[in-house]
Amino acid sequence: METVLSGIRSTGQLHLGNYFGALRNFVEMQHENRCFFFIADYHSLTTHPDPTHLHDNIRTILAEYLAAGLDPDVATLYIQSDVPEVAELSLLLSMHAYVGELERTASFKEKIRKQPDNVNVGLLSYPVLMAADILIHRATRVPVGKDQEQHLELTRRFARRFNQIYGVDFFPESQPYTSNHELIKIPGLNGSGKMGKSEGNCVYLTDDEKTIHKKVMKAVTDSGPTEPNSPMPEVIANLFTILRAVSTPEVVADFTAKWNDCSIRYGDLKKQLAADINATVAPIRERYAEIVGDEAYLSKVVRQGAEKARASADATLSQVREIMGIRKF
Ligand code: AMP
């Protein structure tokens, strides 16, 4: 059994892309592995979020993950800042992380381009904190997107370096988690690119039926196929990509055949798509509505997660302290 660790950003409102690209796999992997999922609130501070929103953001995202099927009795679901051992491990690891290697990471370079007036130390040491997130549970697998691969490589380097310096075989070299499913990239409804919050082209998991219908009916299409079996332009292929994610193979085959013999009616395709998206998200939306206002349940989940995560973190940290020569009198 692998120990899997995954971070979750601390702003809520998940969309279909998040669901098919990440969340659905988390729900599956929790049953096959020892899983830790944490809401990365320390990490979010590098961009100075408004303190009045931070807590509500965490509540939203927590309720969304629970609604989608993360089971706090199966996986360990916790808030990063509830586990101060992570901050201590980050400090200890930072003693063996070099400024030069941190300055060279692609994400740091991009951040200083994006926010030149706020090049804080947290941005530079972001990969050290991320390594601490992973190594605090000695995680062997981390589900990462393309943009995080370099950070995981750094985590392995820090782990190797620690093992070498102290002559131990303590930290594992964490590898990317490869899912049983091919990861689907969900396109936006506006013709091109992927579905993303900043692109403003999302169907959210908490959208109601009417909103979903409206968004899908407005999706960009073309004037329709003029020759049988012609290749699909991107705008139409995108709708089919979403259809394949949410509909049955029969429905997909039916609309594909209609595309191929030029009898397709985009209105029908969109109606079907809206209905099947709604069927996919409705159970999540309904559960979310129940959970998000249930203060007692949420705080129980958070307490339970913190307790489990701290037990695991403390087991690692006390050994790290010992290895580094920090001993109690
Ligand atoms: P983000 O919402 O950009 O912070 O992404 C969070 C996670 O959702 C990442 O791990 C991505 O792999 C996944 N994700 C985001 N957008 C999409 C998309 N359009 N299609 C597939 N996966 C996505």
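As the structure is a prediction and not an experimental result, all values here were calculated from the model.
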Test item: Thr280 and Phe20 side chains (from C-beta on) under 4.5 Å apart, heavy atoms:
yes

Distance under 6.0 Å and angle within 45° of the ring axis: does Lys300 meet both against Tyr297?
no

Without swapping roles, check the side chain of Arg156 against the backbone of Ser174 for a donor-acceptor pair under 3.5 Å.
yes

Is the number of heavy atoms from other residues, nucleotides or ligands within 6.0 Å of CD (Glu307) greater than 12?
no

Can you tell me how far OG1 of Thr46 sits from NZ of Lys111, rounded to the nearest 0.5 angstrom?
5.5 Å

Between Glu32 and Met29, is there a donor-acceptor pair closer than 3.5 Å when you use the side chain of the first and the backbone of the second?
no

Are Glu64 and Leu23 side-chain neighbours, meaning at least one heavy-atom pair lies under 4.5 Å?
no

Interatomic spacing from CD1 in Ile323 to CZ in Phe162 - rounded to 0.5 Å
4.5 Å

Crowding at CZ, Arg160 (>12 non-hydrogen neighbours, <6.0 Å):
yes

For Asp169, I'd like to know if atom CG has over 12 heavy atoms of other residues, nucleotides or ligands within 6.0 Å.
no

Hey, what do you get for OG (Ser125) to CG (Leu91), rounding to the nearest 0.5 Å?
10.0 Å

Could you tell me whether Lys194 and Glu199 have a side-chain N and a carboxylate O separated by less than 4.0 Å?
no

Run the side chain to side chain contact (heavy atoms under 4.5 Å, CB included) check on Asn33 and Tyr177 step by step: do they pass?
CA-CA 11 Å; Asn33 303 280; Tyr177 183 95; 3.6 Å; yes

